[in-house]
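Here's the structure, in structure tokens; my notes come after.
Note: hydrogens, waters and symmetry copies are ignored here, and every other heavy atom, side chains too, is used. Remember, it's a predicted structure, so these values are computed and weren't measured experimentally.
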Amino acid sequence: MSKQEQTAISPTRMENYPEWYQQVIKASEMAELSPVRGCMVIKPWGYGLWENIQRLLDDMFKVTGVKNAYFPLFIPISFLEKEAEHVEGFAKECAVVTHHKLEKGENGRLVPAGRLNEPLIVRPTSETIIGDAFSKWIRSYRDLPMLINQWGNVVRWEMRTRIFLRTSEFLWQEGHTVHATKNEALERTYMMLDIYKRMAEELLAIPVITGEKTEAEKFPGAETTTCIEAMMQDRKALQAGTSHFLGQNFARASNIRFQSADEKEELGWTTSWGASTRLIGGLIMAHGDDNGVILPPRVATAHIVLLPILKKPKESETVMAYTMDLADRLRQFYYHGTPLRVEIDARNIGGTRNWDWIKKGIPLRVEIGPKDIASNSVFMARRDMDRKQSRSITIDRFLEEVGDILDDIQKNLFEKALAFREKNTRNIDDRETFDAFFTPANPEQPEIHGGFAMAHWCGDRKCEEAVKNRLNVTIRCIPFGGEETSGICIECEKPSPKRVVFAKAY
RNA sequence: CGGGACGUGGCUCAGUCUGGUAGAGCACAGCGUUCGGGACGCUGGGGUCGCAGGUUCAAAUCCUGCCGUCCCGACCA
């Protein structure tokens with residue numbers, strides 16, 4: 001065997017990024033493919049992340065007055081038909097329920113029977129069915145704003161699937177609100193986008209750009225779609241959350257009307273906003289390295305694993321007792337409002353045990369052996385640092401500093417990701433440079449290339465499409481903020497007031 | 001849905017061209033020796049070779065169809 005440093009994940013990110021992504025998920029036991037085409041099984045280590053994201057996001061929503069509710073999985077086709085653009089956008093990828101029972105057919109196989117009068121679709125999103133409820137719930141301006149969120153699953157029949165990033169069924173949250181005025185609805189749209197930005201940056205440690213989608217990229221039926229866009233380590237963009245201003249389109253379609261203070265009947269103004277299990281894919285691709293996942297402490301399924309060094313039976317008893325006691329003490333520590341999540345792995349399987357946790361990306365590994373106990377210390381390794389930087393630390397200091405250490409990991413991950421994005425974001429002003437930026441040296445086996453190109457765009461859909469056809473590069477968003485600098489469109493050279501974010505995307 | 005590759009124990013793959021009814025490494029279980037360590041030895045369990053037909057005395061191997069996975073396009077969170 002060669003003695004050179006071997007990575008736990010093969011291939012490495014540089015060698016083959018898509019394959020690395022799949023191997024990381026397998027090695028970390030976060031999820032796996034299911035027997036159902038395009039659907040995944042989320043395993044405990046992955047689902048734990050989702051639970052944390054869910055809880056923290058939910059808290060942020062509730063602070064702004066949002067309440068949770070639940071609406072049906074099935075939607076009558078006639079509901080989807082109500083909003084023209086909406087149908088256009090989703091009809092192509094709907095799972096349709098046409099029967100309500102099974103009967104024994106030939107060969108004893110079960111066959112669908114009992115055809116439904118009106119087929120149902122499995123929700124690809126719930127604007128229409130929630131709109132229908134809202135139309136009944138809302139009578140007067142006193143009922144507004146209506147602020148509802150639903151945690152659930154949706155189905156979109158995808159051509160090509162990728163675990164966590166694009167599966168036929170995925171878990172998400174969809175918020176739906178109704179307001180008396182346009183401004184209030186717009187305000188809510190931006191408020192929720194800001195929550196997503198905070199969630200991504202503060203909890204997932206993923207820096208994001210906020211902005212507005214172009215006409216071509218916006219949600220079917222929306223007036224405007226806003227989004228957070230993150231850069232993955234292959235320099236592609238990932239849309240990690242969206243918030244839509246729906247104008248009065250869905251209010252009209254679902255007949256959401258209210259009586260205003262001056263006794264007039266008016267149409268409501270609605271918004272919707274969502275974030276999904278795709279976030280987990282983003283987390284993996286933003287922070288993972290060639291040894292596996294690296295979990296940001298704020299959402300990590302577990303924060304710390306205790307690894308007792310068990311040798312001789314006599315010592316083992318002491319070491320185990322000590323380990324259990326340390327676990328208890330750690331669990332009494334509150335990290336950002338929740339008790340530390342501590343695992344104990346007492347398997348006596350040699351170094352494999354350590355590597356299992358490295359691949360899973362747990363922020364802190366703590367070894368406890370007889371020598372540590374004798375010196376009142378533990379041996380601690382941080383997942384965000386080199387393995388050789390493990391160090392001995394006294395128990396007292398560890399207990400005192402554990403929160404700071406986790407915060408430091410969190411901060412370190414964010415800063416690394418931010419530096420990476422900045423390194424791979426460029427202002428580009430001419431087409432030659434632009435095309436070169438997005439063209440791999442070896443098209444047969446494309447190496448990691450490109451990034452975010454901040455370039456001028458005239459606003460014409462045709463130019464956007466031309467770029468997409470030529471390079472498979474799209475406008476990820478028209479970023480908020482940023483200075484208004486006039487320039488010329490990267491495609492047609494007509495004047496443009498502002499740079500937009502061009503990138504290849506997931 | 002188009003173009004390409006692939007489908008053999010849990011994982012990675014050999015065997016397929018030139019049919020003779022399954023192999024390796026890793027993982028798993030037991031025992032022992034090691035061990036602040038991705039250890040080693042011995043022993044053992046586990047596969048009707050994606051599915052369904054067909055050709056043949058005989059099919060993982062040849063033929064047809066289907067299903068699934070991955071990559072590249074079209075579509076999308």
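- Looking at residues two or more places apart in sequence or on another chain, you find a ring-ring contact (aromatic ring centres under 6.0 Å, His included) between His303(A) and Tyr335(A).
- Every salt bridge (charged side-chain N to carboxylate O under 4.0 Å, His left out) that Glu103(A) has, sequence neighbours left out, goes to Lys101(A).
- Every residue two or more places apart in sequence or in another chain was checked for a ring-ring contact (aromatic ring centres under 6.0 Å, His included) with Trp457(A), and none qualifies.
- With hydrogens and angles ignored, a donor-acceptor pair under 3.5 angstrom links the side chain of Asp372(A) to the base of G36(B).
- Listed by first then second residue, pairs satisfying salt bridge (Lys or Arg N to Asp or Glu O under 4.0 Å) with a partner in residues 349-360 of chain A read Glu29(A)-Lys360(A), Arg347(A)-Asp356(A), not counting sequence neighbours.
- In terms of phosphate contacts, Asn354(A) brings no side-chain nitrogen or oxygen within less than 4.0 Å of OP1 or OP2 of G36(B).
- Leu238(A) comes within 4.0 angstrom of nothing in the nucleic acid, heavy atoms only.
- Residues passing the side chain to side chain donor-acceptor pair (under 3.5 Å) test with Asn376(A), sequence neighbours excluded: none.
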Find every protein N or O atom lying less than 3.5 Å from an N or O atom of nucleotides 42-44 of chain B, and list the pairs.
none

Might you list the N or O atoms of the protein lying below 3.5 Å from N or O atoms in nucleotides 6-12 of chain B, with each pair's distance?
residue	atom	partner	partner atom	Å
U12(B)	OP1	Lys26(A)	NZ	3.4

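- Listed by chain and number, the residues in a ring-ring contact (aromatic ring centres under 6.0 Å, His included) with Phe134(A) are Trp137(A) (sequence neighbours excluded).
- Distances shorter than 4.0 Å separate some side-chain N or O of Arg160(A) from OP1 or OP2 on C72(B).
- The ring-ring contact (aromatic ring centres under 6.0 Å, His included) test applied to Phe437(A) returns no partner, not counting sequence neighbours.
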